[in-house]
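Residues take their numbers from the sequence shown, with the count starting at 1.
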Amino acid sequence: MQKSAPLTMSSIKIECVLRENCRCGESPVWEEASNSLLFVDIPAKKVCRWDSLSKRVQQVTVDAPVSSVALRQGGGYVATVGTKFCALNWEDQSAVALATVDKDKKNNRFNDGKVDPAGRYFAGTMAEETAPAVLERHQGSLYSLFPDHHVEKYFDQVDISNGLDWSLDHKIFYYIDSLSYSVDAFDYDLQTGKISNRRSIYKLEKEEQIPDGMCIDADGKLWVACYNGGRVIHLDPETGKRLQTLKLPVVKTTSCCFGGKDYSEMYVTCARDGMDPKDLLQQPEAGGIFKITGLGVKGIPPYPYAG
């Protein structure tokens with residue numbers, strides 16, 4: 001097999017396609033059926049849907065911080081709202097709880113979430129921040145909502161439960177607890193949803209700052225948004241090597257996903273909470289949605305929740 005030539009940065013284009021001023025934009029998910037990008041603004045309690053053709057944004061406001069959104073097999077969406085897994089009906093703008101976690105921790109909320117290849121909705125919790133990335137430590141846990149709406153808890157003592165995805169053969173679960181400054185891997189049993197054998201596959205370097213949201217591409221490589229690092233890093237989970245760094249014109253990059261025509265575009269969310277007026281003047285697109293083209297790789301479609 002002939003190896004393709006390494007990509008030069010000159011072919012890569014990074015543009016802000018939506019000046020949304022999200023306080024904390026997160027959880028980008030491509031919805032192929034509507035050519036739209038879904039994403040959330042956590043503290044603004046909003047789920048947004050940006051139509052890439054009409055360029056219009058619709059939104060649903062919920063009653064608590066909304067930290068992730070995912071497609072649902074039967075139509076509509078699911079979202080993590082406060083400490084609840086919810087079914088989200090776009091038409092009547094309602095969010096109905098399917099399950100609640102961390103009932104003993106009044107100060108907790110969900111953070112990042114994603115659906116596994118078998119249709120389970122994985123999401124983790126954290127303590128509510130007093131300032132961006134400042135919070136009571138070890139208060140979070142990782143959970144998954146099964147298609148029958150029962151919840152499994154995997155582990156606790158999490159600081160900021162964040163990026164997650166699965167290897168292409170579904171045998172490895174990748175996971176980020178942000179304040180560990182590490183991208184971790186677990187062995188994964190797709191039949192049962194069980195995880196085991198946690199290990200670190202990449203430790204972030206100082207200038208990369210805080211690992212946040214993450215996605216996988218069709219080559220099985222990982223892309224990790226670095227909060228306060230203004231970049232998305234491209235990692236080989238097998239060698240533990242960084243392959244590439246994409247620098248954005250905003251510092252608080254939060255998450256990334258592939259989408260667009262045949263999943264060849266990358267979308268990146270970011271935040272503006274915690275930035276002073278001088279920062280905001282220098283980064284007018286902070287809180288916007290960025291599109292990156294010319295990467296030379298494609299992503300895979302998101303899995304829908306099966307319940």
Side-chain angles (χ1 to χ4, degrees), residues 9-10 12-29 37 39-44 46 48 50 57 65-68 109 111-112 126-135 137 159-164 176-183 202-215 222-235 242-259 265-295:
M9 284 304 276
S10 59
I12 294 173
K13 183 180 171 197
I14 300 176
E15 58 180 320
C16 182
V17 288
L18 180 63
R19 294 279 287 262
E20 186 62 15
N21 290 346
C22 287
R23 289 178 55 193
C24 184
E26 262 286 2
S27 184
V29 179
L37 184 77
F39 60 96
V40 301
D41 184 348
I42 300 178
K46 287 195 308 210
C48 304
W50 174 70
V57 182
V66 53
S67 59
S68 73
R109 67 162 173 83
N111 200 40
D112 208 354
M126 59 185 279
E128 193 59 82
E129 297 161 301
T130 50
V134 179
L135 71 165
R137 307 272 310 248
D159 287 322
I160 300 178
S161 190
N162 234 321
L164 53 178
I176 291 168
D177 178 355
S178 287
L179 298 187
S180 71
Y181 297 92
S182 170
V183 180
Y202 184 80
K203 284 280 190 196
L204 274 83
E205 293 173 18
K206 197 168 167 53
E207 75 276 6
E208 291 170 341
Q209 295 282 346
I210 303 174
D212 201 330
M214 166 169 63
C215 67
L222 300 173
W223 299 79
V224 179
C226 300
Y227 184 83
N228 284 343
R231 66 192 68 193
V232 176
I233 54 174
H234 182 197
L235 308 176
R242 185 180 69 232
L243 304 171
Q244 192 180 7
T245 299
L246 304 175
K247 293 203 174 166
L248 282 87
V250 289
V251 170
K252 293 186 181 291
T253 34
T254 55
S255 193
C256 51
C257 80
F258 284 91
E265 302 164 349
M266 176 179 279
Y267 288 91
V268 181
T269 52
C270 62
R272 56 193 286 132
D273 265 11
M275 294 175 69
D276 62 32
K278 185 165 129 285
D279 292 333
L280 289 169
L281 274 176
Q282 287 168 343
Q283 300 173 43
E285 296 164 333
I289 303 290
F290 288 82
K291 179 169 88 170
I292 305 179
T293 48
L295 288 173

For a quick test of reading the model, state the closest non-hydrogen atom pair linking [X] to [Y] and the distance between them.
X    : Y    : value
I14  : P249 : CG2-CD, 4.4 Å
G288 : C16  : CA-SG, 4.3 Å
S178 : P211 : OG-O, 2.6 Å
D273 : Y227 : O-OH, 4.1 Å
E285 : C270 : O-SG, 4.2 Å
M275 : A271 : SD-O, 3.7 Å

Do [X] and [Y] touch side chain to side chain, with heavy atoms closer than 4.5 Å?
X    : Y    : result
P65  : E128 : yes
L37  : K291 : no
P28  : I289 : no
K46  : C22  : no
F258 : L295 : yes
V251 : D279 : no
L135 : L179 : yes
L246 : F290 : no

[atom2] on [Y] to [atom1] on [X], rounded to 0.5 Å:
X    : Y    : atom1 : atom2 : value
D159 : I176 : CG    : CD1   : 13.5 Å
E20  : D41  : CD    : CG    : 7.5 Å
D177 : L164 : CG    : CG    : 12.0 Å
Y267 : F39  : OH    : CZ    : 11.5 Å
T293 : M266 : OG1   : CE    : 11.5 Å

For [Y], does its backbone N or O pair with a side-chain atom of [X] as donor and acceptor, under 3.5 Å?
X    : Y    : answer
T253 : R231 : yes
S68  : D112 : no
T245 : I233 : no

The side chain to side chain donor-acceptor pair (under 3.5 Å) partner of D212 among T254, N162, T269 is N162
- Only one of E208, E207, K252, Q209 clears side chain to side chain donor-acceptor pair (under 3.5 Å) with N228; which?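 By the side chain to side chain donor-acceptor pair (under 3.5 Å) criterion, N228 pairs with just one of E208, E207, K252, Q209: K252.
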What class does the angle between the rings of H234 and W223 fall in, given that below 30° is parallel, 30 to 60° is tilted and above 60° is perpendicular?
-> parallel
With C226 as partner, the option from I210, V232, L204 fulfilling side chain to side chain contact (heavy atoms under 4.5 Å, CB included) is L204
Would you call E129-R109 a salt bridge at under 4.0 Å N-O? yes
